[in-house]
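Below is one structure, written out as structure tokens; the observations come after it.
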Amino acid sequence: MSTIKKNLVIFFLIGVVIPYSFGQGKSVDRDNHKTISKKEFDRLVDSSIELLKTKKLNLINDSQHIQIMMCLNTIAVSGNKFLASRCQKLTALEKSTNYGTRLGKEIYKDWVPNRGMGFYFPKIRMELYGTPAIYAWYSVKE
């Protein structure tokens with residue numbers, strides 16, 4: 001297969017087939033954007049920091065990984081909205097522990113790239129980084 005054909009197939013899979021297969025289970029509504037208060041978001045960020053500091057990756061359960069990913073996605077898509085030290089601490093901890101890469105290598109090995117070259121983890125129907133769909137990050141109200 002020529003390089004052009006390979007690239008077209010990859011583009012088609014990433015751009016067309018994979019996005020339509022995301023979140024096809026009952027647990028995730030891809031069109032649902034979860035809205036929480038700033039106080040609740042701060043609590044979730046603090047909890048995520050504590051999890052990453054105190055637990056081994058394999059001892060964090062699926063719902064806790066989803067919480068961590070949603071917090072990281074929210075910070076990433078919000079631009080300069082979350083410059084508080086707790087958010088900076090979470091993103092620094094994610095980078096220093098190589099959380100996203102290790103998650104794909106150690107815990108959810110069946111990941112695929114999402115839009116924007118982040119991760120999509122089919123087992124838990126959640127995205128990390130890239131250009132996550134609205135179900136993968138919080139809408140935070142002041």
Side-chain angles (χ1 to χ4, degrees), residues 1-38 40-141:
M1 187 180 283
S2 73
T3 304
I4 294 173
K5 286 182 182 177
K6 285 180 188 175
N7 288 339
L8 285 173
V9 169
I10 290 170
F11 175 77
F12 179 75
L13 287 173
I14 291 173
V16 179
V17 175
I18 293 172
Y20 286 108
S21 66
F22 286 169
Q24 295 299 312
K26 295 177 184 175
S27 62
V28 176
D29 179 1
R30 289 205 53 200
D31 297 323
N32 186 15
H33 197 166
K34 186 171 182 179
T35 302
I36 60 173
S37 69
K38 174 74 166 88
E40 176 68 7
F41 180 67
D42 289 344
R43 188 190 67 71
L44 292 171
V45 168
D46 291 340
S47 171
S48 297
I49 292 168
E50 191 64 23
L51 285 168
L52 289 176
K53 279 185 170 181
T54 60
K55 285 191 170 186
K56 292 182 178 183
L57 212 54
N58 64 338
L59 298 178
I60 298 174
N61 68 41
D62 290 348
S63 63
Q64 292 168 324
H65 279 300
I66 289 170
Q67 170 194 308
I68 294 167
M69 288 186 260
M70 288 185 70
C71 287
L72 288 167
N73 288 337
T74 302
I75 295 166
V77 301
S78 67
N80 294 328
K81 185 176 179 180
F82 298 111
L83 294 176
S85 63
R86 68 173 34 98
C87 294
Q88 290 176 344
K89 189 182 292 185
L90 178 60
T91 56
L93 188 58
E94 185 273 337
K95 286 180 178 127
S96 70
T97 60
N98 211 8
Y99 175 73
T101 303
R102 288 183 54 222
L103 204 59
K105 288 182 178 179
E106 299 172 23
I107 308 301
Y108 306 114
K109 297 175 184 177
D110 63 340
W111 70 275
V112 294
N114 74 342
R115 297 173 301 158
M117 298 309 295
F119 303 92
Y120 173 69
F121 304 101
K123 179 182 176 193
I124 58 172
R125 296 182 175 97
M126 184 51 59
E127 300 177 57
L128 177 62
Y129 291 138
T131 308
I134 62 171
Y135 75 90
W137 50 281
Y138 299 111
S139 174
V140 180
K141 292 203 174 196

Run the side-chain hydrogen bond (donor to acceptor under 3.5 Å, both in side chains) test against K89 and tell me which residues pass, sequence neighbours left out.
none
If the condition is side-chain hydrogen bond (donor to acceptor under 3.5 Å, both in side chains), which residues does D46 pass it with, not counting sequence neighbours?
R86
Among all residues two or more places apart in sequence or in another chain, which pass the side-chain hydrogen bond (donor to acceptor under 3.5 Å, both in side chains) test with S63?
N61
Qualifying residues under side chain to side chain contact (heavy atoms under 4.5 Å, CB included), relative to W137, sequence neighbours excluded
H33, N73, T74, V77, P132, I134
Is there a side-chain contact between I66 and R125, using heavy atoms and a 4.5 Å cut-off?
no
Go through the structure and list residues passing side chain to side chain contact (heavy atoms under 4.5 Å, CB included) with L52, not counting sequence neighbours.
I60, I68, L90, L93, Y99
Pairs where residues 68-93 contributes a residue and the test ring-ring contact (aromatic ring centres under 6.0 Å, His included) is met, not counting sequence neighbours:
F41-F82
K95: which residues meet the side chain to side chain contact (heavy atoms under 4.5 Å, CB included) condition with it, sequence neighbours left out?
none
Please enumerate all residues that pass salt bridge (charged side-chain N to carboxylate O under 4.0 Å, His left out) together with K81, with sequence neighbours excluded.
none
Exercise answer: donor-acceptor pairs, residues 104-111 side-chain atoms, under 3.5 Å, sequence neighbours excluded:
residue : atom : partner : partner atom : Å
E106    : OE1  : R102    : NH2          : 3.4
E106    : OE2  : R102    : NE           : 3.0
Y108    : OH   : D62     : OD1          : 2.5

T35: what forms a side chain to side chain contact (heavy atoms under 4.5 Å, CB included) with it, not counting sequence neighbours?
S139, K141
In short, G118 meets N114 closest at the heavy-atom pair N-OD1, 2.6 Å
At their closest point, which heavy atom of A133 faces which heavy atom of E127, and how far apart are they?
N-OE2, 3.3 Å
Residues two or more places apart in sequence or in another chain: which of them pass side-chain hydrogen bond (donor to acceptor under 3.5 Å, both in side chains) with S47?
Q67
So, taking the atom named CD in E40 and the one named OH in Y138, what distance separates them when rounded to the nearest 0.5 Å?
7.5 Å
Going from SG on C87 to CD1 on I49, what distance comes out if it is rounded to the nearest 0.5 angstrom?
7.5 Å
Let me confirm one number: the CG-NE2 distance from L51 to H65, rounded to the nearest 0.5 Å.
9.0 Å
Dump the intermediate steps for side-chain contact (heavy atoms from CB on, under 4.5 Å) on M126 and Y135, then the final yes or no.
CA-CA 8 Å; M126 184 51 59; Y135 75 90; 4.0 Å; yes
How long is the gap from CE on M70 to OG on S48, to the nearest 0.5 Å?
10.5 Å
Can you confirm whether L103 sits close enough to M69 that some side-chain heavy atom of one is under 4.5 Å from a side-chain heavy atom of the other?
yes
